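Reading through the structure tokens given below for one structure.
Note that the structure is a prediction, hence the values are computed from the model and not measured. Numbering of ligands and ligand atoms starts at 1, following listing order.
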Amino acid sequence: MTDVSVIGLGAMGTALAECFLKSGRTITVWNRTPDKAASLLERGACWASSAAEAFKASPITLLVLLDDKAVQAVLSLPGALEALRDRTLVNLSTTEPSCAMSNAGMLHSAGAQYLDGGINAYPRQVGQPETVFLYSGDRSAFDRHGALLRDLAGAQQFVGTKPSAAKTVYLALWTYYLTALQGFCEGAALAAQGAGMSVPAFRAVVEVAMDRLLPGGLTDAAQRIEAQRYGGEQATIDVHEDGSRAMLAAFREVGLHPPVLTAYAQTLQAAQTSGRGGEDICAIFEVVRARA
Ligand code: FVH
């Protein structure tokens, strides 16, 4: 037996396996394309000749595969479900939340425990104290394996017993980060094209300006949304909508098209149409929710 098995040795699965080895854990690995295991085997990992053998080799197995299709393909391999009896499976692949619910049902019927999770980090951040991995599903499995999982992410969190909870929050966090990153890229392109500012110089300005704006802004937004307190005493949606026209004009003047900014401006117009023009900017939460 080894401490943990890792199935899926792409960029992320390899980083997880390397982190376990660095922490002194014994590991078993399996990948559809065996070549990708070579460097891990040199460093002491054990190779499983099948996914079923990897499941049997450890009390807990992490799946780090591309998508839903890949997860279903691996769980359908000969002997896979049978091998998971009395084992814990953790699916860290990016899959749809509904996939967590169906996996949990399938794994429980097979006599296994199931955790679904999400990695809110890049491979270079695996193993750091501030790194966030989210988990949900069988609480007793998380309690049993939490110390081993903490090797990967010092700031791991168990977010609920509903199997899909972690994946949903994980996808929400990436939504925030990636649209913010695209917003940064759009702003940097405008500053470069319109003002000749280098991207590192823009980043330096962003850091100073956002240090003041962002943390306080998010706290204020969370409190307002929770209390549904949308008074426009600081700046109304009407004021922001007017500002968005100037922002879009700046891009037009230098021949650029910003998709995230365009979506933001359209959301403000929808807020005005629904009678929220005099409210605070974070009332766009209600516009997004009303469109569901
Ligand atoms: N890389 C990252 O930074 C992100 C951060 C956020 C979370 N993701 C998610 O982690 C999953 C794996 O991502 P990855 O970067 O390791 O992806 P790849 O390097 O492309 O490796 C994909 C592995 O999946 C295997 N695979 C694909 N299809 C199948 C299949 N039908 N049957 C069996 N295995 C399959 C693939 O095998 P192979 O091509 O080497 O044979 C790789 O092991 C992903 O959900 C990210 O969203 C990482």
| request: Output the list of atoms in ligand 1 that are nearer than 4.0 Å to some heavy atom of Leu9, sorted by atom number. | output: 43 (O)
| query | Is Gln125 atom CD crowded by more than 12 heavy atoms from other residues, nucleotides or ligands, each under 6.0 Å away? | reply | yes
| query | Backbone or side chain, does any N or O of Ala11 fall under 3.5 Å from an N or O of ligand 1? | reply | yes
| task | Could you tell me whether Arg289 and Glu286 have a side-chain N and a carboxylate O separated by less than 4.0 Å? | result | yes
| request: Only heavy atoms count here, so choose which of Val74, Asn120, Leu65 is nearest to atom 25 (C) of ligand 1. | output: Leu65
| task | Check ligand 1 against Ile119 and write out every atom of the ligand that is under 4.0 Å from a heavy-atom position of the residue. | result | 6 (C), 7 (C)
| query | Are Leu181 and Leu171 connected in a single hydrophobic cluster, I mean Ile/Leu/Val/Met/Phe/Trp/Tyr linked by side-chain heavy atoms less than 4.5 Å apart? | reply | yes
| query | So is there a nitrogen or oxygen of Lys36 less than 3.5 Å from a nitrogen or oxygen in ligand 1? | reply | yes
| query | Taking the minimum heavy-atom distance to atom 7 (C) of ligand 1, which of Trp30, Tyr170, Tyr122 ranks first? | reply | Tyr170
| Please state which protein non-hydrogen atom is closest to atom 18 (P) of ligand 1 and give its distance, to 0.1 Å? | Gly10 CA, 3.9 Å
| remark: So OG of Ser23 and CG of Leu152: to nearest 0.5 Å the spacing works out to 7.5 Å
| request: Using non-hydrogen atoms of the residue, decide whether Ala121 is closer than 4.0 angstrom to ligand 1. | output: yes
| message | For atom 37 (O) of ligand 1, what's the nearest protein heavy-atom neighbour? Residue, atom name and distance, please. | response | Asn31 OD1, 3.6 Å
| task | Check each heavy atom of Thr33 against ligand 1 and say whether those closer than 4.0 Å belong to the side chain, the backbone, both or neither. | result | both
| task | Among all protein heavy atoms, pick the one closest to atom 28 (N) of ligand 1 and tell me residue, atom and distance. | result | Ala70 CB, 3.5 Å
| task | Select the closest option to atom 31 (N) of ligand 1 among Arg32, Lys69, Met12, judged by heavy-atom distance. | result | Arg32
| message | Asp238 vs Glu241, test: side-chain contact (heavy atoms from CB on, under 4.5 Å). Steps then yes/no. | response | CA-CA 5 Å; Asp238 285 341; Glu241 197 276 332; 5.6 Å; no
| query | Considering only heavy atoms of Ser93, which atoms of ligand 1 have at least one such atom less than 4.0 Å away? | reply | 45 (O)
| field | For Gly8, atoms of ligand 1 separated by under 4.0 Å from a heavy atom | value | 43 (O)
| query | Could an N or O of ligand 1 be found under 3.5 Å from any N or O of Leu66, whether backbone or side chain? | reply | yes
| What residue and atom, counting heavy atoms only, is the protein's closest point to atom 46 (C) of ligand 1, and at what distance? | Thr94 OG1, 3.5 Å
| query | Distance-only, no hydrogens or angles: does the Glu186 side chain make a donor-acceptor pair with backbone N or O of Val260 under 3.5 Å? | reply | yes
| field | Parallel, tilted or perpendicular: ring planes of Phe133 versus Tyr135, cut at 30 and 60 degrees | value | tilted
| Of Asp3, Thr88, Leu115, Leu62, the residue whose pairing with His145 passes side-chain contact (heavy atoms from CB on, under 4.5 Å) | Thr88
| task | In plain terms, say whether Lys22 and Glu18 are close enough for a salt bridge, that is, a side-chain N and a carboxylate O under 4.0 Å apart. | result | no
| query | Would you say Leu40 and Trp47 are hydrophobically clustered, going by side-chain heavy atoms of ILVMFWY under 4.5 Å? | reply | yes
